[in-house]
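As the structure is a computational prediction, the values presented were derived from the model and not from experiment.
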Amino acid sequence: MAAAKTYRIVTLPGDGIGPDVLREAMRVLGAVAKPAGFAIEETTHLVGGAAIDGAGNPFPDATRAACLAADAVMLGAVGGPAWDHHTGAMRPESGLLALRKALGAYANLRPVAVPEALVAASPLRPEVVRGTDMLIVRELTGGIYFGEPRGREVKDGRRSAHNTMVYDEHEIARIATIAFEWARRRRGKVTLVDKANVLVVSQLWREVVPEVHKASFSDIELDTLYVDNAAMQIVLRPAQFDVVLTGNLFGDILSDLAATLPGSLGMLPSASLGSGIGLFEPVHGSAPDIAGQNKANPLAAILSAAMLLDALGEATAAEAVRAAVDDTLAEGLRTGDLWREGFTRVGTTEMGERVATLARKRLEHVPIG
């Protein structure tokens, strides 16, 4: 019998609730590994505030080397008030940016789905949010967050600051390709979101994306929206969207807006892809006020682990994890962020254990009960 394939996974628990939720994500990966026919070799390293405290650097060299040698990287969360006095390259968030750069992770994928069990938890009316299943594809390494020149100055006694939004056609074409490829796996529609009525940069996106579409993806439907209209449409008719393609700044804002649709940031996973080594992390922050108290919702981290499995080609295991999350919610289990009268309140560990059990049973074809 051939030996099971072994995947090298680097875990970066980070700060706040990062260790809490990442522990449950890895519990679920461990539960599905054997029945799915693979093994996991896990190593844990420092990043963010924990790395500042432990190594004097938010992205230590040892962490960089381990990540570059891995098959995939799982991240918990970074940052918190304990490190707010740090500035520039010594902020915990700088470690995350350095990590993305080291991995060449230029494409951020954020799926936003509202399971039937959570329709009533959404801030939108059930008839509006029902059926929502979109994928926001955000360019991650360009645009105004990284453009030069940037800086501050004082002139004639007045302070001023400036940032520069820059994209070249290669950056646009490669993220467009990612969006079209995912649309081909989904429902076959891409919506390009920009501000082409004002920004010259967006006008370049309006040139390059249709070129990529015509050359290789003419089977995919392509439409466009200005970002202000897109924000309104996400609230008015979120189920109309399949794949949303946009730049770094607009993607940051729209994905956080869309994250409210299931009723909690604790439900939103993400993947950052590019060079081949993917980075997988929940969308939520470090929530230090509930860290270590068995209160955090681990489902975003668990669903990020499902995206990791997809990236590794373990589609059957990935689907078992997503189905187990839906089954767990359908049973009425809720962490505090989603709990309301009539449901069963559970902690981080209990939620992770139940998802792990149901995912394993699905792969072992054991009746759920």
(request) Kindly check if the number of other-residue, nucleotide or ligand heavy atoms within 6.0 Å of NZ (Lys189) is above 12? (result) yes
(message) Which residues pass the salt bridge (charged side-chain N to carboxylate O under 4.0 Å, His left out) test with Arg187, not counting sequence neighbours?
(response) Asp133, Asp242
(message) Given the ring of Trp339, does Arg334 sit roughly above its face, with NZ or CZ under 6.0 Å from the centre of the six-membered ring and within 45° of the axis?
(response) no
(request) Using side chain to side chain donor-acceptor pair (under 3.5 Å) as the criterion, list what pairs up with Gln293, not counting sequence neighbours. (result) Lys295
(message) The test is side chain to side chain contact (heavy atoms under 4.5 Å, CB included); show your working for Leu109 and Ile178 and say whether it passes.
(response) CA-CA 9 Å; Leu109 278 57; Ile178 294 286; 4.1 Å; yes
(message) Which heavy atom of Leu273 sits nearest to which heavy atom of Gly278, and what is that distance?
(response) CD2-CA, 3.9 Å
(message) Applying side chain to side chain donor-acceptor pair (under 3.5 Å), can you list everything that pairs with Thr177, at least two apart in sequence or on another chain?
(response) none
(request) Evaluate the salt bridge (Lys or Arg N to Asp or Glu O under 4.0 Å) criterion for residues Asp327 and Arg362: first the C-alpha distance (whole Å), next the side-chain angles of each, then the deciding distance (0.1 Å), finally the verdict. (result) CA-CA 11 Å; Asp327 292 342; Arg362 279 187 168 272; 2.9 Å; yes
(message) Applying a strict under-4.5 Å side-chain criterion to I, L, V, M, F, W and Y, I'd like to know whether Leu303 and Ile17 cluster together.
(response) no
(request) Could you note down all residue pairs passing side-chain hydrogen bond (donor to acceptor under 3.5 Å, both in side chains) where residues 59-69 supplies at least one of them, sequence neighbours left out? (result) none
(message) By the side-chain hydrogen bond (donor to acceptor under 3.5 Å, both in side chains) test, which pairs, at least two apart or in different chains, include something from residues 157-172?
(response) Glu139-Tyr167
(request) Search all heavy atoms of Ala301 against all heavy atoms of Pro282 and return the closest pair with its distance. (result) N-CB, 3.8 Å
(request) Report the hydrophobic cluster partners of Val78, with the cluster defined as I, L, V, M, F, W, Y residues connected by side-chain heavy atoms closer than 4.5 angstrom, directly or transitively. (result) Val10, Leu12, Val47, Phe59, Leu68, Val73, Leu75, Leu96, Leu99, Leu103, Ile277, Leu279
(request) Determine whether Val209 and Leu225 fall in the same hydrophobic cluster, where Ile, Leu, Val, Met, Phe, Trp and Tyr are linked whenever their side-chain heavy atoms lie under 4.5 Å apart. (result) yes
(request) Answer whether the closest heavy-atom distance between the side chains of Met267 and Val114 falls below 4.5 Å. (result) no
(request) Please confirm whether the backbone N or O of Leu140 pairs with a side-chain atom of Asn248, one donor and one acceptor, at under 3.5 Å? (result) yes
(request) Return yes if some donor-acceptor pair links the side-chain N/O of Arg27 with the main-chain N/O of Ala356 below 3.5 Å, else return no. (result) no
(message) Nearest 0.5 angstrom please: Asn297 CG to Ile290 CD1, how far?
(response) 9.0 Å
(request) Please report the C-alpha distance between Ile172 and Glu207 in whole Å, then the side-chain angles of each, then the deciding distance to 0.1 Å, and finally whether the side chain to side chain contact (heavy atoms under 4.5 Å, CB included) criterion is met. (result) CA-CA 10 Å; Ile172 299 168; Glu207 294 174 14; over 6 Å; no
(message) If I take atom CG from residue Leu338 and atom CG from residue Leu299, how far apart are they, to the nearest 0.5 angstrom?
(response) 7.5 Å
(request) Supply the atom-to-atom distance Tyr226 OH to Ser202 OG, rounded to the nearest 0.5 angstrom. (result) 9.5 Å
(request) Evaluate the criterion side chain to side chain contact (heavy atoms under 4.5 Å, CB included) for residue pair Leu261 and Met134; output intermediate values, then yes/no. (result) CA-CA 11 Å; Leu261 299 179; Met134 74 178 77; 4.1 Å; yes
(message) If the condition is side chain to side chain donor-acceptor pair (under 3.5 Å), which residues does Glu127 pass it with, not counting sequence neighbours?
(response) Arg125
(request) Drop me the distance from Thr6's OG1 to Glu41's CD, to the nearest 0.5 angstrom. (result) 7.0 Å
(message) Quick check: closest heavy atoms across Arg206 and Ala196, and the distance to 0.1 Å?
(response) CG-CB, 3.6 Å
(request) Answer yes or no: is there a side-chain heavy-atom contact under 4.5 Å between Met26 and Ile9? (result) yes
(message) Closer than 4.0 angstrom, basic N to acidic O: yes or no for Glu319 and Arg322?
(response) yes
(message) Between Lys214 and Glu211, does any side-chain N to carboxylate O distance fall below 4.0 Å?
(response) no
(request) Return each pair, listed once, that meets side-chain hydrogen bond (donor to acceptor under 3.5 Å, both in side chains) where at least one residue sits in residues 275-284; pairs must be two or more places apart or across chains. (result) none
(message) Can you confirm whether Val137 sits close enough to Val244 that some side-chain heavy atom of one is under 4.5 Å from a side-chain heavy atom of the other?
(response) no
(request) State, yes or no, whether a side-chain contact exists between Leu135 and Arg186 at a heavy-atom distance under 4.5 Å. (result) yes
(request) Would you check if Leu46 and Asn57 make a side-chain contact, meaning some heavy-atom pair closer than 4.5 Å? (result) no
(message) Which residues pass the ring-ring contact (aromatic ring centres under 6.0 Å, His included) test with Phe180, not counting sequence neighbours?
(response) His213, Phe217
(message) With salt bridge (Lys or Arg N to Asp or Glu O under 4.0 Å) as the rule and sequence neighbours excluded, what pairs involving residues 246-258 come up?
(response) Arg110-Asp256, Arg138-Asp252
(request) Check the hydrophobic clustering (I, L, V, M, F, W, Y; side-chain heavy atoms under 4.5 Å; chains of links allowed) and say if Val198 and Leu249 are grouped together. (result) yes
(request) Answer yes if the side chains of Asp20 and Thr348 hold a donor-acceptor pair under 3.5 Å, and no otherwise. (result) no
(message) For the CD1 atom of Ile136 and the OG1 atom of Thr246, what is their distance to the nearest 0.5 Å?
(response) 9.0 Å
(message) Does either side chain, that of Ser286 or that of Asp15, offer a donor lying less than 3.5 Å from an acceptor on the other one?
(response) no
(request) Please report the shortest heavy-atom distance between Glu93 and Gly79, naming the atom on each side. (result) OE2-CA, 3.9 Å
(request) Kindly work out whether a path of hydrophobic side-chain contacts (I/L/V/M/F/W/Y, heavy atoms less than 4.5 Å apart) joins Val166 to Trp205. (result) no
(message) When you compare the side chain of Lys101 with that of Phe146, does any pair of heavy atoms fall below 4.5 Å?
(response) no
(message) Would the distance check show the side chain of Ser122 and the main-chain N or O of Val119 forming a donor-acceptor pair, the cut-off being under 3.5 Å?
(response) no
(request) Tell me, please, which residues at least two apart from Glu350 pass side chain to side chain donor-acceptor pair (under 3.5 Å). (result) Asn294
(request) Look at atom CZ of Arg184 and say whether more than 12 heavy atoms of other residues, nucleotides or ligands are closer to it than 6.0 Å. (result) yes
(message) Between Lys155 and Glu153, does any side-chain N to carboxylate O distance fall below 4.0 Å?
(response) no
(request) Answer yes or no: is there a donor N or O on one side and an acceptor on the other, between the side chain of Ser94 and the main chain of Met90, under 3.5 Å? (result) no
(request) Specify the closest pair of heavy atoms between Pro92 and Trp83, including all atoms of both residues, with the distance to one decimal. (result) CG-CB, 3.5 Å
(request) Scan for ring-ring contact (aromatic ring centres under 6.0 Å, His included) pairs involving residues 17-55, sequence neighbours excluded, and state none if there are none. (result) Tyr7-Phe38
(message) Taking the side chain as everything from C-beta on, heavy atoms only, tell me whether Val32 gets closer than 4.5 Å to Arg360.
(response) no
(message) So, taking the atom named CG in Leu124 and the one named OG1 in Thr132, what distance separates them when rounded to the nearest 0.5 Å?
(response) 7.5 Å
(request) Can you see which heavy atom on Gly266 is nearest to which on Asp337, and at what distance? (result) CA-OD2, 4.1 Å
(request) Verify, without hydrogens or angle tests, whether Glu24 (side chain) and Val21 (backbone) share a donor-acceptor contact under 3.5 angstrom. (result) no
(message) Could you see if Leu236 belongs to whatever hydrophobic cluster contains Phe250? Use Ile, Leu, Val, Met, Phe, Trp, Tyr and a side-chain cutoff under 4.5 Å.
(response) no
